[in-house]
Amino acid sequence: MRKPIIAMILFLSLFSIPPVNADNNLLRSDTPHRHVVVPGDTLWGIAARFLNDPWRWPEIWGFNRDQVKNPHLIYPGDIVILRRTPYGFRLSLEDNEDEVRTVKLSPKIRSELSDTAAIPSIPAAAIEPFLSQPLVIERDGLDNAPYILGSSDNRVVLSTGNTAYISGLPKDKGSTWQIFRPGKALKDPDQKDQIIGYEATYLGNAKAIALANVSTVTITRATEEILKGDRLVPAPKTIFNNYAPHAPDFPVNGRIISVYGGITEIGKGAIVTLNKGQMDGLEMGHVLAIFRKSQDKSLTGELVQLPDERTGLAFVFRVFDKISYALVVQSTHSIKILDAVKTP
């Protein structure tokens, strides 16, 4: 009888989690022992359940640098557990063949069932349109693209479900198209407002139903008003971002230079444009801290630079040469254009 009791004590001690001390503030004070993955979960969301700093996910999972870029796929029904190991606490997937785990299907079936697909890094619905769009173009990058001539009922504004007529639509580029309008120049405030790209404004999707000299399409999605003269670009395959959230291992000092939708007050869920990109070492999955720069007047009337105040976190999901796009995943105060982004 004594041996089973000792074994049980050892088993419980393996999974008991002592309070986190000040020197190792990695785990949350309310860290669960396990989490059952459900449809709609994300790597970021699960990391936030266990960690005070979700971008330290690779550290507690035990990833090396290559695994950060190609993490283990996690599916609904999987059980993430927290273990104590000789190397510290580690997260892993429970491997218990005695349990019924209906999501442990063949890769082929997984690819066919959306609610058993591998969970993404961040909410797919928030960033899906941005994963396949050009977004950053050359100055005249849309000048030769097919464009909307109008509609049979002379609508000024087109929206979802409307039929539109297109000039210059090729017959060999498929039937699925995205609609854009040339946007603003993107300037780097740290380089004397040097133009580092031009933004293409995504307006919606269209499906070709008749190809001719003047082709016919149906607007299948409209995120903004679609007008005569707006341009069409073939819809590419979606870039699936499954990078584990992680902080850059080098200093980053950039800025928010634009926000999707043209708003000036930015909060959680906003898509922001950064003046740093692949040439600066940024990659998909990088998490950056957002800081507000503030000034105030001294008693003598002089402007004094106040210490930077951290106001949120941004998750980089699309990277170009000099520009990247990030989802604001946390905000404690309002965020504004020109706020700084740095390595957390």
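Positions are given from 1 along the sequence. None of the values given here were measured: they were computed from a predicted structure.
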Does F180 form a side chain to side chain contact (heavy atoms under 4.5 Å, CB included) with L232? I'd like the steps, not just the answer. CA-CA 6 Å; F180 290 90; L232 277 72; over 6 Å; no
Steps toward side chain to side chain contact (heavy atoms under 4.5 Å, CB included) verdict (L313, R310): CA-CA 9 Å; L313 293 169; R310 183 163 144 178; 3.5 Å; yes
With salt bridge (charged side-chain N to carboxylate O under 4.0 Å, His left out) as the test, would you mind laying out the steps for R34 and E94 before giving the verdict? CA-CA 9 Å; R34 66 204 299 267; E94 186 174 73; 3.7 Å; yes
Check against side chain to side chain contact (heavy atoms under 4.5 Å, CB included), F317 and I271: CA-CA 10 Å; F317 65 86; I271 304 291; 3.8 Å; yes
Kindly indicate, with the supporting measurements, whether the criterion salt bridge (charged side-chain N to carboxylate O under 4.0 Å, His left out) is fulfilled by D188 and R255. CA-CA 8 Å; D188 188 343; R255 290 180 186 270; over 6 Å; no
Quick one, I256 with V341, criterion side chain to side chain contact (heavy atoms under 4.5 Å, CB included). Give me CA distance, side-chain angles, the key distance, then yes/no. CA-CA 7 Å; I256 295 173; V341 289; 4.1 Å; yes
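Under a 3.5 Å cut-off, the side chain of T218 and the backbone N or O of G161 do not form any donor-acceptor pair. A donor-acceptor pair under 3.5 Å is absent between the side-chain atoms of S151 and the main chain of T163, judged by distance alone. Within the 3.5 Å criterion, the main-chain N or O of L27 finds a donor-acceptor partner in the side chain of N52. For the pair D280 (side chain) and L282 (backbone), a donor-acceptor distance under 3.5 Å is absent. Side-chain atoms of W44 do not come within 3.5 Å of backbone N or O of D41 as any donor-acceptor pair. Side chain of S331 to backbone of K268: a donor-acceptor contact under 3.5 angstrom is found. T332 contributes a side-chain N or O that, together with a main-chain N or O of T311, makes up a donor-acceptor pair within less than 3.5 Å. Remark: the backbone N or O of S334 is paired with a side-chain donor or acceptor of R292 at under 3.5 angstrom. A donor-acceptor pair is defined here as one N or O able to donate and one able to accept, closer than 3.5 Å; such a pair exists between the side chain of S298 and the backbone of E302. Looking only at distances, no side-chain donor or acceptor of R181 sits under 3.5 Å from a matching main-chain atom of T201.
Here Q178 contributes atom CD and N205 contributes atom CG; the two are 5.5 Å apart, rounded to the nearest 0.5 Å. The distance from the CZ atom of R28 to the CG atom of L26 is 12.0 Å, given to the nearest 0.5 Å. Separating the CD1 atom in I74 from the NE2 atom in H35 is a distance of 9.0 Å, to the nearest 0.5 Å. Atom NZ of K342 is separated from atom CD1 of I290 by 12.5 Å, given to the nearest 0.5 angstrom. Atom-to-atom distance recorded for L51:CG and L91:CG is 6.5 Å, nearest 0.5 angstrom. Residue L274 holds its CG atom at 9.5 Å from OH of Y325, rounded to the nearest 0.5 Å.
Each of L186, V136, I196, I195 was checked for a side chain to side chain contact (heavy atoms under 4.5 Å, CB included) with K322, and the lone residue meeting it is I196.
Proximity of T31 to F89: side-chain heavy atoms (C-beta onward) are nowhere separated by under 4.5 Å. For the pair I266/V272, a side-chain contact is recorded, criterion being any heavy-atom separation below 4.5 Å from C-beta on. Taking 4.5 Å as the limit, every side-chain heavy atom of V328 sits out of range of all side-chain heavy atoms of V259. A heavy-atom distance below 4.5 Å is found between the side chains of V157 and L227. A heavy-atom distance below 4.5 Å is not found between the side chains of E309 and F291. In this structure, the side chains of W61 and V80 come closer than 4.5 Å at one or more pairs of heavy atoms. Side-chain contact check for L93 versus I81: every heavy-atom pair is 4.5 Å or farther apart. Counting heavy atoms from C-beta on, the side chains of P76 and P39 come closer than 4.5 Å.
Side-chain contact of S92 with R83: a donor-acceptor pair under 3.5 Å is present, judged by distance alone. Using a 3.5 Å distance cut-off with no hydrogens or angles, the side chains of S258 and K184 do pair a donor with an acceptor.
When the shell of 6.0 Å around CG of N213 is examined, it contains 12 or fewer heavy atoms from other residues, nucleotides or ligands. Applying the 6.0 Å contact sphere to CG of D30 captures more than 12 heavy atoms from other residues, nucleotides or ligands.
Cluster membership check: I323 does not share its hydrophobic cluster with M279, using side-chain heavy-atom separations under 4.5 Å among Ile, Leu, Val, Met, Phe, Trp and Tyr. Follow the hydrophobic side-chain contacts under 4.5 Å out from F250 and you reach M284 in the same cluster. Residues V217 and Y147 do not share a hydrophobic cluster, clusters being chains of Ile/Leu/Val/Met/Phe/Trp/Tyr side chains in contact below 4.5 Å. Cluster membership for Y165 and L211, using ILVMFWY side-chain heavy atoms within less than 4.5 angstrom, is not shared. When hydrophobic clusters are built by joining Ile, Leu, Val, Met, Phe, Trp and Tyr residues whose side-chain heavy atoms come closer than 4.5 Å, directly or via intermediates, Y202 is not grouped with I226.
P146 and I166 get closest at one heavy-atom pair: CB-CG2, 3.9 Å.
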